Amino acid sequence: MTARVRYAPSPTGIPHVGNIRTALFDWLFARHSGGSFIVRVEDTDQARFDPNALEAIYASLRWLGLDWDEGPEVGGDYGPYVQSERLEHYAKFAKQLIDQDDAYECFCSTERLAELRAEQQKQKQPPRYDRHCRELPDDERAARGAAGDKPVVRFKTPDEGTISFDDAVRGHVEFETATIDDFVALKSDGFPTAHLAHVVDDHLMEISHVLRGEEWVSSTPRQILLYEALGWTPPTFVHMSVILGPDRAKLSKRHGAVSVLDYRDQGYLPEAMFNFLGLIGWSLDDHTVLMSREQFIEHFSLERMGKNPAVFDLERLTWMNGAYLRELPEERLTALFTERLERDLPADAERPIDRDVVRRLVPLVRERVKKLDELAEMTAGFFSDELPYGPDELLGKKFRDDRAGATAALTAAHGSVEALAGWDHAAIEVAMRALADDLDVKAGALFMLLRVAMTGRAVSPPLFESMELLGRERCILRLANARDTIK
RNA sequence: GGCGCAUUCGUCUAGUGGCCCAGGACACCGCCCUCUCAAGGCGGAGAUCGCGGGUUCGAAUCCCGCAUGCGCUACCA
């Protein structure tokens with residue numbers, strides 16, 4: 001079976017991770033079946049349209065490598081793929097519904113509708129349209145139209161019967177049509193509602209599977225009504241659960257970063273985000289956690305989709321990102337790091353960033369970094385000679401009450417570094433350990449003093465590798481500076 | 001108010017009648033390794049499977065009720 005699957009974003013805001021996760025599953029299902037992944041822009045809400053949203057949507061998909069076979073920018077045989085360019089289709093089928101007496105024009109004002117709703121709420125009645133215009137005489141309808149009133153088109157929902165469908169993850173779902181009111185299919189501005197637009201486009205574009213968020217479950221019977229009235233066969237529906245914030249409320253801006261682009265900017269890798277999102281609401285087995293995109297494509301299946309809402313666990317994502325960072329080829333890491341440092345390092349760092357230094361830095365920091373935005377802070381000492389420490393940081397606990405000892409140690413280290421025959425980390429380590437012996441100081445204490453002197457921080461990449469990379473001249477300079485700060 | 005969906009360690013999840021007094025991963029704790037921090041190795045703690053009834057020799061798994069959460073109930077999607 002080759003599926004035709006669509007991702008139908010609505011450009012009303014920056015898409016958050018939950019939304020992009022449905023795109024990921026759409027894509028995975030399409031790729032697994034060898035079918036097509038289609039992007040269709042649902043810009044039918046003119047009031048909420050946000051031009052920036054579209055770019056963010058495309059950027060999010062591209063960043064994760066979710067390429068589409070049909071849609072905006074790539075075209076396809078079923079276009080256009082932007083709903084605002086397909087208005088004539090919706091108008092045509094809306095008219096057909098009216099002609100076959102499955103729909104009618106309604107002239108009720110939004111004010112009347114609002115009052116009606118308020119009244120029903122007060123009476124503890126389910127809010128629903130009272131069908132005021134359903135039996136409007138033809139001449140009155142014509143008169144309203146002639147007077148310039150713009151009607152909406154409402155569907156004539158049957159009073160009796162049940163609508164059911166078999167959801168690929170939820171199973172059999174059933175609704176009484178009596179609980180569904182005469183919903184709007186075409187708005188007065190000529191744009192369709194999502195119900196009509198979904199049905200018309202999914203049919204015309206020959207979509208085989210509709211994978212979407214579970215907030216659509218309740219709308220599905222309305223859409224099935226439309227399919228039946230139009231004489232079409234509905235696709236297979238697959239409703240996937242939503243993603244929640246840590247407080248179990250639906251994920252929103254309140255929870256911090258919610259767009260995948262935010263995570264990209266913080267230094268998460270697309271492959272980590274892909275893996276992480278792919279394992280929310282889907283699993284391979286009882287133990288696999290790290291999976292490549294090829295494995296996802298090979299094994300993805302609707303049967304293994306879960307149905308419960310899931311909390312977005314940032315710590316898990318961060319761990320996973322670290323795992324990917326550790327596995328990345330050195331070349332790619334070097335490129336990634338260089339780009340990042342170019343951007344994040346303070347102005348006093350030497351520019352352009354020395355790619356060769358970065359290359360040698362990679363093995364020292366790759367397993368210490370979980371997100372790329374930690375990199376600049378961690379490696380600043382290799383690109384700038386202004387180290388952020390004072391006497392207190394330099395002396396630390398061990399030399400707090402022994403300035404003379406610290407000064408002696410730094411002086412001795414200075415001499416030892418100058419006298420060293422070679423310059424590699426193994427030789428440096430041998431020399432420094434010997435020095436600790438001579439000074440009758442614990443190696444750990446000496447090393448911490450040197451660490452701060454060399455890198456400016458109590459937490460750093462391995463000391464001797466760092467010194468090797470810094471070079472003898474700079475090390476000598478830094479030892480002298482350290483001595484000066486505690487003079 | 002009505003309708004619908006969901007409910008396994010703090011979190012993501014495995015589990016489709018006996019292999020489960022429930023497995024993996026993140027986070028947490030301890031030990032080992034170690035020049036700091038990580039990474040890695042080993043181990044630990046953590047779930048009366050939302051609650052209550054059934055069915056069955058046997059239930060996390062099947063049935064019924066309840067509770068809770070979420071969604072829809074818009075000329076939003």
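Note on naming: letters A, B, ... go to the chains in the order of the sequence lines (proteins, then strands), and numbering restarts at 1 for each one. Just so you know, these numbers come straight off a predicted model, no measurement behind them.
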In Watson-Crick or G-U wobble terms, both distances under 3.5 Å, what is the partner of [N]?
| N | answer |
| --- | --- |
| B/G4 | B/C70 |
| B/G65 | B/C51 |
| B/U56 | none |
| B/G30 | B/C42 |

With [atom1] as the reference atom in both, quote the distance from [N] to [M] in angstrom, rounded to an integer.
| N | M | atom1 | value |
| --- | --- | --- | --- |
| B/C72 | B/A77 | C1' | 12 Å |
| B/G15 | B/U7 | P | 13 Å |
| B/G65 | B/C5 | P | 13 Å |
| B/U55 | B/U61 | C1' | 13 Å |
| B/U56 | B/C70 | P | 38 Å |
| B/A25 | B/U36 | C1' | 28 Å |

Any donor-acceptor pair under 3.5 Å joining the side chain of [X] to the base of [N]?
| X | N | answer |
| --- | --- | --- |
| A/R316 | B/A25 | yes |
| A/S188 | B/C75 | yes |
| A/S218 | B/G71 | yes |
| A/R170 | B/C5 | no |

Mind checking [X] for me? I need base, sugar-phosphate or nothing, with any heavy atom below 4.0 Å counting as a touch.
| X | value |
| --- | --- |
| A/R326 | sugar-phosphate |
| A/E174 | sugar-phosphate |
| A/S10 | sugar-phosphate |
| A/R212 | nothing |
| A/G322 | nothing |
| A/T12 | nothing |
| A/R366 | nothing |
| A/V217 | sugar-phosphate |
| A/T318 | nothing |
| A/V173 | sugar-phosphate |

Among B/C72, B/G2, B/U13, which is the nearest nucleotide to the side chain of A/E215?
->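 That would be B/C72.
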Would you kindly give the [atom1]-to-[atom2] distance between [X] and [N], to the nearest whole Å?
| X | N | atom1 | atom2 | value |
| --- | --- | --- | --- | --- |
| A/D286 | B/C9 | CG | P | 17 Å |
| A/K370 | B/A38 | NZ | C1' | 8 Å |
| A/F49 | B/A77 | CZ | C1' | 14 Å |

Step through it carefully: locate the ring centre of A/F237, locate the ring centre of A/W216, and say whether they are under 6.0 Å apart.
->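 That pair fails the under 6.0 Å test.
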Kindly state whether the ring of A/F191 and the ring of A/Y90 have centres lying under 6.0 angstrom apart.
->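 A/F191 vs A/Y90: aromatic centres not under 6.0 Å.
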Using heavy atoms to find the nearest nucleotide of RNA chain B for A/F276 and A/E315 separately, return the residue whose nucleotide is more 5′.
->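 Looking at the nearest nucleotide for each, A/F276 comes out on the 5' side.
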Could you check A/V289 against A/H172 and say which one's nearest nucleotide on RNA chain B is further toward the 5' end?
->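 On the 5' side of the pair lies A/H172.
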Please assess A/D159 against A/R131 for the test salt bridge (Lys or Arg N to Asp or Glu O under 4.0 Å), listing each intermediate value before the final yes or no.
-> CA-CA 12 Å; A/D159 291 318; A/R131 298 183 170 179; 2.8 Å; yes
Are side-chain N/O atoms of A/R212 and A/H198 paired as donor and acceptor at under 3.5 Å?
->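 Judged by distance alone, the side chains do pair up.
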Evaluate the ring planes of A/F274 and A/F296, with Trp represented by its six-membered ring, and classify them as parallel (under 30°), tilted (30 to 60°) or perpendicular (over 60°).
->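 The rings of A/F274 and A/F296 stand perpendicular, inter-plane angle above 60°.
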Can you list the steps and then say if A/F312 with A/Y263 is a ring pair (Phe, Tyr, Trp, His ring centres under 6.0 Å)?
-> CA-CA 13 Å; A/F312 186 87; A/Y263 292 101; 5.6 Å; yes
Mind listing the closest non-hydrogen atom pair of A/Q266 and A/R340 along with its distance?
->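 What the structure gives for the nearest pair is C-NH2, 4.0 Å.
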Could you write out each protein N or O paired with an N or O of nucleotides 32-35 of chain B at a distance under 3.5 Å?
from, atom 1, to, atom 2, distance (Å)
B/C35, OP1, A/R433, NH2, 2.3
B/C35, O2', A/R451, NH2, 3.0
B/C35, O2, A/R451, NH2, 2.4
B/C35, N3, A/L463, N, 3.2

Distance in Å, A/W27 CH2 paired with A/L211 CG, rounded so as to fall on 0.5 Å steps |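 One finds 14.0 Å between CH2 of A/W27 and CG of A/L211.
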Inter-residue atom distance A/R134.CZ - A/T157.OG1, 0.5 Å rounding |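 Between A/R134 CZ and A/T157 OG1, I get 7.0 Å after rounding to 0.5 Å.
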